[in-house]
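A, B, ... follow the sequence lines: proteins, then strands. Residue 1 opens every chain.
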Amino acid sequence: MIKKDIIEKIEGEADVVFTQKNGLIKDVNLTFPYMRGVESILEGRDYRDALVIAPRVCGICSHSHLIAAVHTIEDGMRREKIKFTLSDKARHIRDFAIACELIQNHIKWFYLTILPQIYKVNHLEVPNDLIKKASKATYAITKAMAIFTGQWPHASYVVPGGVSCDPSYVEIMQAKALVDEVLELVRASLFDDTKEIRAIGDLHRALEMLQRADLLSTSHGSEHFLALADTFFSKSGEYKGATRFDVDIKKVKESQREDSKAKEALYGNDFVEVGPLARALINQDAIIMRLQKEHSGNIWSRIFARVYEGYVLLLKAKEALESIDVSEPSCVLEHNKKDISFAGIGIVEAARGSLIHEVVVKDNHIHTYNIITPSQWNLSRGSADKKGVARASVVGARSKEEAYLILRSFDLCSVCTTQ
Amino acid sequence: MKTDYKKIERMTPAMRIIHWANAICMIAAIITGLYIAHPYYQSFIADGAVDKYVMAWNRWAHFISAIIFDVTSIVVAYLYFFSRFEKPYKKLIPNAKNVKEFGEVILNLLTLNRRKRFDSTHSDSFNTVYFTIFHLLLFFMLFTGLQLYVHGLESGESSIGTWWPALLHISTDWTIPVTGGTLMDVRIAHHITMWLIVVWMVFHIYYQIWRTIFWEEGDIAIVIGGSKFVKDGK
Amino acid sequence: MAEARDESIKKLFDAKSAKVDTNKGEEYFSDLYESCKVRIGELKDMPIAGRGVDLRKALEDDGFERRDFLKWASATTAMLMLPASFTPLVAEAAEVMNRIPVVWIELSDCAGNSEALLRSDGPKIDEIVLDIISLEFHETLQAAAGHQAEKQLEEALELFKGKYILFVEGAIPLGIDGNFGTIGAKAETFKDHLLRLADGAAAVIAVGACATYGGIPAAAPNPTDAVGVMDLVKGKPIINIPACPANPANMVGVVLHYALTGSVPELDSLLRPKFAFGYRIHDNCERRAHFDAGEYVEEWGDEGAKNNFCLYKMGCKGPMTFNNCSIIRYNEAVNWPIGVGRGCIGCSEPDFWDKYAYERPMANAHIKAPTGGVEKTVDEFGLGLLTAAGIGIGIHAAASAIAGKKNSDEKDV
């Protein structure tokens, strides 16, 4: 019996068609009936326009797109030996903002996407206060971010060679207080870190409910992970069969699907999982490695890894703030060349995984611009024999709600997938 | 051989004052306008902001010259129709006589004075059309400029009363859709028109000098003394 | 398109567009006061739509005192350009806002406005006030999905027909018969979806630059042929709240104004509420003194940048942009783009993505979009024209010098 269904509760919207057999989900087809064509909009413009337009690919990860865009330019300049010096101060400020965006994404995803779905799988009513819980933390963290970025979403404070803001100590202290506020919230309702990291409160409740729904015994994961960017909080790598390999950016491939507006992304010839779980495994994080072993890559390790990354990033964000030396310059760009040509690639680790921007600039103008987003990795469809990551993990789900839960554990984001 | 010359009056004192007021205002508006568009010199960092006021002075000079332009434009528009000296609008009517004269003046310019079959004792049709183009450019400049200016009077108040911003809106809001729909289009149009006026001015000066040299009638003196000389018997 | 052109020509001489009249006289305001009182009374008697969150309780839960709320109310009264005597009414209106049903749809967008509105931005009380509006339907936010969500929407449309306020986020792609964006099981195009929902709405509020003017999706070459709400919806009151992202305080302002008066606030010619878009960023900018003084940042990270000089030469579009973000700022009023040394990009103005360009001085920016425009800067164009004129004159002068002499020689002989 084939049953059609539509899913909408993912950021933006995607059509989901499940195929069921004997009450179990046999296959799923995700399509994105929607596009804007941001890549073609960028072509022909001055390369610096990317710093304004690229963040607007997505209101959810706008800062990651901004950083990816500036990385493409800086990478290109480096290759063309155009001199610029990124000061430690600029680096720390960027890192802090990256951390903030990831933190708010992780918290929001947990409270607004995954937790309600876990309630639903358990046939329980979704509590009313989840939005409030999430917004308390996200208000504070985006506020801290805006001290340096001016606004969120769609900040534009980054320039090639640095940042435009020049914060004072007072502002740094203000940001620190806000980070502490969030840390307190996280310690009250997600993690106990007094001795060792332990899930408490809402996170523990999620675990209990997953247990009750019997979702911990079956595997809903992949075995092939990828993180492409080296960042202040994670290293790049490929993780396959419990071994870590170095990455080769040349192995990234992209192909267009016919029935959907999204493109697929492959590494070598494989579909790989990207995101916080991939990052944690590649970084050989002890806690996540243990979880992964215990639960052999089921949904819990993916959920825990993401929330846990939020917690780790809070500490890193504080570290970044403490390392800012206000006497350093914010931006040093020494080139005076009028028309520059370059090709550059910018990779960042966004909330949902590796994000790639690629640009070819001729005489200051963008010749081609290509964007590969995290959801393109996880949501690639593949073929019947070789299914994409999210698609494969849904097979065998016992109900539609369970399948939604698994899909949402990857956090489908159609907004930037279809650009 | 001696040629006899006859003195003829071409510009009244009022016209000459307007001419030079316009010329000075135009230079001032261009110098300050270019600064407003893109501040091309820097002020000394060490001075306090209140002592410098560089942009503010530039804008002041720009607006003052614009206002003088406004007033002379109104006077010129009046003189086009009601001047007791010469009524330029008569030369703008596209009748056979004016069209022929217009063509002849152009031919005169193109044949490098080989052919001169028109009366040069008064303002010819070509000259009048050319000046009319200038005044149209100027009007466009004034409307777009005042539109840009009224942005800063958004409260509807001004030092001379609320009628002024209201009048500016009534008379200049049409420039937004006409230039392309955004305030930026108004600004670009204002900027491009400046260049058109500069080009106009360059040809104007050249043509006056060329006429003086080739016609040998002392045309360049008109704008100073108000008169030129034509060969007697003409 | 022809219709739109006719309309814009009609508007050519429309003088009321930009003027902000803050003092309409005592009589006007006392009449307004009375009608607002009646309106609020009516709302009070109406059943609470949707979730029925009580503002007082919500504020209490979040640890706000009555005093904080009244402070907020007086600030909001000022923002709406009403006299201070309206403060108690504004406070009451906020409390009965949950009687007004709201439907929020997302079309061709990046979810940025939803993000700004619902989860991360705005002064806190604004947030809570927004929280209590009875959001009947919101794709990103609501719990239901798929068929269930569609059913909820249909029910809300039926129940609140002619009463709900429709918030629209995102542009409407018209290319390939609207098939660049479809919604729901029946693959209804965004255009049809919008028109159907707008039909039963009391008013349509376009939130963000995309819904207002087409936004980034409409940037040249406009691959999906995207347009804004006001290009499609006719015969309904439309309020535009542009900017990228739109400021939540202004969304609250509009809904509150509607609750208070039962009508849309005074709008400018681009249908933006004047209380928010009546003033230029430039005129309320914290760096304005440096503009007047001629003190500019010359390059990123220079001495000027360290001293918070004016960003005009870095391409700040504040002098061309009407918005109130220099006053109310972003993210709980903590900061705004100019506050972090980055110029305004003019995101509340039409075509900002093509015509306002990026952070380059206006005078030497490549202002036009990649297609369908002059690729040269205005000054290069002007200088080119001047050179052409100069060359023409040079040729003419040279020819005259050679030919003219001969002529006069002949005459003299």
Side-chain angles (χ1 to χ4, degrees), chain A residues 5-9 11-13 33-38 40-41 43-46 48-49 51-53 56-60 62 104 108 116 126 131 134-135 138-139 142-143 145-157 159 161-162 164-166 329-333 365 404 415-416, chain C residues 106 108-116 119-121 124 127 131 139-140 142-147 149 173 180-185 187 216-217 219-221 223-224 226 244-245 299-301 305-306 330-332 334-342 345 353 357-360 366 369-371:
Chain A
D5 209 341
I6 305 292
I7 179 174
E8 275 179 24
K9 164 77 192 224
E11 277 139 324
E13 67 277 322
Y34 155 66
M35 75 160 273
R36 284 170 291 162
V38 176
S40 64
I41 285 168
E43 282 162 19
R45 282 171 203 271
D46 189 289
R48 289 165 294 182
D49 283 0
L51 295 177
V52 168
I53 291 179
R56 288 172 166 81
V57 163
C58 181
I60 296 155
S62 62
Q104 71 88 21
K108 225 159 56 184
V126 183
I131 294 180
S135 48
T138 54
Y139 289 151
T142 48
K143 192 174 170 183
M145 186 179 176
I147 291 173
F148 303 94
T149 66
Q151 67 183 55
W152 190 90
H154 302 329
S156 289
Y157 72 107
V159 286
S164 65
C165 61
D166 211 341
S330 291
C331 176
V332 187
L333 184 62
H365 289 272
Y404 282 151
V415 173
C416 70
Chain C
E106 278 179 48
S108 236
D109 72 331
C110 67
N113 297 305
S114 289
E115 290 289 311
R119 295 176 213 159
S120 27
D121 192 13
K124 267 192 172 151
E127 282 299 328
D131 221 33
E139 278 146 5
T140 303
Q142 71 176 175
H147 287 312
F180 276 117
T182 59
I183 201 161
I216 295 288
T224 58
C244 189
E299 54 187 87
W300 303 119
K306 280 180 202 155
Y330 274 98
N331 296 79
E332 296 188 35
V334 71
N335 218 336
W336 64 307
I338 290 171
V340 293
R342 195 61 190 274
I345 59 166
W353 48 89
Y358 162 68
E359 310 281 300
R360 294 182 293 285
H366 288 261
T371 52

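Looking only at side-chain heavy atoms (C-beta outward), C/Val340 and A/Thr149 stay at 4.5 Å or farther from each other.
Neither the backbone nor the side chain of C/Pro173 has a heavy atom closer than 4.5 Å to any heavy atom of chain A. If you measure heavy-atom distances from A/Ser62 to chain C, you find no contacts under 4.5 Å at all. In this structure, chain A has heavy atoms under 4.5 Å from both the backbone and the side chain of C/Ala219. For A/Phe148, the part lying near chain C is the backbone, with the side chain staying farther off; criterion is any non-hydrogen pair under 4.5 Å.
Considering every non-hydrogen atom in both C/Tyr330 and A/Gln151, the closest pair reads CE1-OE1, 3.5 Å. In this structure, A/Gly37 and C/Pro223 approach most closely via the heavy-atom pair O-CG, 3.5 Å. Residues A/Arg36 and C/Thr224 come closest through the heavy atom pair O-CG2, 3.8 Å. Shown here for A/Lys143 and C/Asn331, the closest heavy-atom pair between the two residues is CG-O, 3.8 Å. Pairing each heavy atom of C/Cys110 with each of A/His154, the nearest pair is SG-NE2, 3.3 Å.
In this structure a side-chain-to-backbone donor-acceptor pair under 3.5 Å is present from C/Asn335 to A/Ile147. A donor-acceptor contact shorter than 3.5 Å links the side chain of A/Arg56 to the backbone of C/Cys244.
Distance check: A/Cys331 SG to C/Glu299 CD gives 8.0 Å after rounding to the nearest 0.5 Å.
Of the listed residues A/Ser156, A/Ser40, A/Gly161, A/Pro329, the one with more heavy-atom pairs under 4.5 angstrom with chain C than any other is A/Ser156.
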